[in-house]
Amino acid sequence: MSELDLMLDGGQAEQQDEWAGAASSQDDDAALYLELDGWEGPLDLLLDLARRQKVDLRSISILALVDQYLTYINRAEALRLELAADYLVMAAWLAYLKSSLLLPREEQEDPSPEELALRLQLRLQRLGAMREAAARLMARDRIGRDVFLRGAPEGLRIDRKTQWQCDWYSLVQGYGQVKARTAPAVHMVRNRPVMTLESALDRVSAMLGVTLDWMRLEEFLPPYAEPRLRRSALASSFVAALELARKGRAELAQDAIFGPLRLRRIPA
Amino acid sequence: MIAGPDELQRAVEATLFASETPMSVEALAAHLGGAELSEVRIALRELAANYAPHGIHLVERAKRWHFETAPDLAHLLRREREQVRRLSRAATEVLAIIAYHEPVSRAEIESIRGVQTAKGTLDVLLEAGWARVAGRREVPGRPVIYATTPEFLEHFGLDSRRDLPGIDELRATGLLDPVDDAFDALMGPDEDHDGAKEQETASDLKQMDDHQAD
Amino acid sequence: MIAGPDELQRAVEATLFASETPMSVEALAAHLGGAELSEVRIALRELAANYAPHGIHLVERAKRWHFETAPDLAHLLRREREQVRRLSRAATEVLAIIAYHEPVSRAEIESIRGVQTAKGTLDVLLEAGWARVAGRREVPGRPVIYATTPEFLEHFGLDSRRDLPGIDELRATGLLDPVDDAFDALMGPDEDHDGAKEQETASDLKQMDDHQAD
């Protein structure tokens with residue numbers, strides 16, 4: 001763990017100006033190695049180098065910063081320290097930025113190197129702001145470190161007691177349903193007015209004997225029957241007609257589907 | 001190390017508050033970097049006096065000090081919350097059977113209901129205070145028998161069990177209709193085919209009942 | 001403590017003292033059997049004022065109240081064993097970014113830090129209960145967005161996010177806006193600028209910043 005970590009955890013925001021990492025104070029290679037372990041990526045390293053310029057982040061010299069970064073990376077490479085790829089990518093980009101910044105204006109591309117430099121500066125400002133905010137946050141009075149909660153609270157217990165609800169109707173209905181569910185089932189068939197097949201056979205045979213002409217099935221029904229008896233008579237008479245046809249005593253004709261069904265005697 | 005008596009009181013207060021166990025005067029003094037025992041004692045006594053009218057008291061038990069809730073507020077630590085819940089259909093049926101047939105054993109309840117009765121169902125009725133154990137039936141196994149309570153009559157607004165409507169009255173009001181029928185009548189036509197078929201049967205049955213009632 | 005506490009104050013005091021977790025005004029009122037919210041609020045404020053000179057403070061964090069030791073007594077109470085989770089530097093920065101920018105996606109966190117965030121870093125914050133998943137951003141990919149929790153505010157002694165150190169200045173200086181927005185704001189509406197103009201803008205910008213810093 002580097003010094004930076006320690007400062008961040010316990011440090012005060014006011015210490016930001018003394019952010020100077022180990023590198024500025026110590027020149028030895030071991031320190032460099034330690035630092036490399038401590039950076040959270042190339043932007044973090046850039047921010048730290050920028051802080052060493054000891055000016056407001058809005059006034060830093062980008063060119064100087066680029067030089068510092070490239071020097072740093074070169075030193076690390078000379079020491080054969082293993083650098084993550086994004087440090088090298090940043091180095092390449094910064095080298096390009098530097099050369100663009102030094103070129104005569106006419107030859108500049110779009111976006112201009114000034115724009116790129118400004119964007120880099122804005123990013124550094126934002127990261128710097130968050131790093132400072134983090135330090136100030138960590139320096140607050142924290143529960144368990146600076147302020148403490150009650151060591152042995154009694155605790156609040158809530159005992160739930162159920163108040164049961166049921167009404168008269170549900171009670172009585174419940175009983176009714178039990179009785180209905182378990183009562184032995186009795187099925188009764190209603191006494192309906194019907195014409196039996198036998199009486200229909202008798203009636204149709206008798207009426208067929210009267211004439212040799214075609215007669216509609218309805219004409220065989222009892223004329224003043226109430227509707228329910230009439231339906232029963234129609235069904236029975238139809239079956240009777242089929243029975244007579246089967247025995248060769250009558251013939252049936254229907255000219256269209258659902259058309260009137262006609263019936264005529266076959267002379268013996 | 002600690003300046004005035006006020007500062008010592010504050011330190012004692014905070015230390016006892018944060019401590020997980022009651023602390024003796026000696027332990028407190030040691031924790032506070034070697035404060036005078038007599039001063040710690042004075043601080044404790046003054047604090048205890050200051051807290052006396054509060055909802056929290058600073059008390060000494062077996063030579064060790066701690067904060068605790070004022071005794072008259074102990075009820076705040078354990079609260080009862082009433083929760084209103086409707087009796088389940090099963091419990092309602094069991095209660096009704098007890099009311100109509102009391103005293104009645106569990107086996108008898110089950111035979112009337114035609115289904116097994118979960119242990120919890122009777123417990124709920126006992127807890128609600130509507131059913132009670134009314135002794136044992138003097139038959140082999142001596143099963144417990146259940147009856148209703150005065151609270152039951154009170155809750156349902158009955159003077160006596162005889163106020164419960166008889167079977168004939170239930171039938172007249174349609175309460176003896178099969179469950180499916182009554183349910184369908186309430187819920188309207190079923191959506192699936194089988195349901196519709198059942199409903200047909202049920203309505204036939206209803207006609208039959210109407211007929212009988214004539 | 002000059003005047004003795006009234007009954008409601010005593011009850012509030014005892015309840016919060018005994019509670020294992022911070023309590024909202026609503027929870028307190030409910031626990032006290034439906035006390036008036038406004039009266040509970042008054043009681044809390046008066047209690048807090050009475051406790052201010054004490055070694056124990058009554059504080060409100062994220063709309064919930066609890067007792068804690070006075071911050072200036074920290075040196076007396078720090079235990080040998082650290083109670084506070086030590087956050088890595090990465091986790092510290094990510095937490096700050098979430099707190100100051102919430103709700104914020106992982107990609108946005110990474111764009112500020114200029115480095116990928118290890119999976120474990122966010123997990124540590126989620127596990128500590130300081131960060132939570134606050135839904136998804138309705139942009140392509142629907143990335144998860146993160147926000148802080150009431151426990152975060154409690155732990156860091158913040159009443160609300162408005163109390164985050166320096167958040168007003170950061171907002172006023174645009175340091176919480178994305179780089180692109182800040183860049184556009186600085187460059188003005190012109191799309192293509194020649195070098196001279198840019199120079200001008202940059203120095204304008206500097207003046208503006210200086211002005212704001214006053």
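If you take OH on B/Tyr100 and OH on A/Tyr175, they are separated by 7.0 Å, rounding to the nearest 0.5 Å. Atoms CD and OG1, from A/Gln173 and B/Thr92 in turn, are 9.5 Å apart once rounded to the nearest 0.5 Å. Rounding to the nearest 0.5 Å gives a distance of 7.0 Å between CH2 of A/Trp164 and OG of B/Ser88. Of the inter-residue distances, the one linking A/Leu171 atom CG with B/Trp130 atom CH2 reads 9.0 Å to the nearest 0.5 angstrom. Separation of atoms CD (B/Glu20) and CZ (A/Phe148) is listed at 11.0 Å; rounding is to 0.5 Å.
Considering only heavy atoms from C-beta on, B/Leu76 stays 4.5 Å or farther from A/Leu156 through its side chain. Between A/Gln163 and B/Arg85, the closest side-chain pair of non-hydrogen atoms is not below 4.5 Å.
In this structure, the portions of B/Leu95 lying under 4.5 Å from any heavy atom of chain A include both its backbone and its side chain. Proximity to chain A involves both the backbone and the side chain of B/Val124, based on heavy atoms less than 4.5 angstrom apart. In this structure, chain A has a heavy atom under 4.5 Å from the side chain of B/Leu158, while its backbone stays farther away. B/Thr69 touches chain A through backbone and side chain together, each having a heavy atom under 4.5 Å away.
Within a 6.0 Å sphere centred on CZ of A/Arg249, heavy atoms belonging to other residues, nucleotides or ligands number 12 at most.
A donor-acceptor distance shorter than 3.5 angstrom exists from the side chain of B/His155 to the backbone of A/Cys166, with no hydrogens or angles considered. At distances below 3.5 Å, at least one donor-acceptor pair connects side-chain atoms of A/Arg150 with backbone N or O atoms of B/Phe67.
Between the side chains of A/Ser170 and B/Arg89, no donor-acceptor pair is found at a separation under 3.5 Å.
In plain terms, the two heavy atoms of B/Arg113 and A/Val178 that are nearest each other are CA-CG1, 3.9 Å.
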Donor-acceptor pairs under 3.5 angstrom involving side-chain atoms of residues 221-236 of chain A: please list them, not counting sequence neighbours.
unit_1, atom_1, unit_2, atom_2, d
A/Ser232, OG, A/Met195, N, 2.9
A/Ser236, OG, A/Met195, O, 2.6
A/Ser236, OG, A/Ser232, O, 2.9

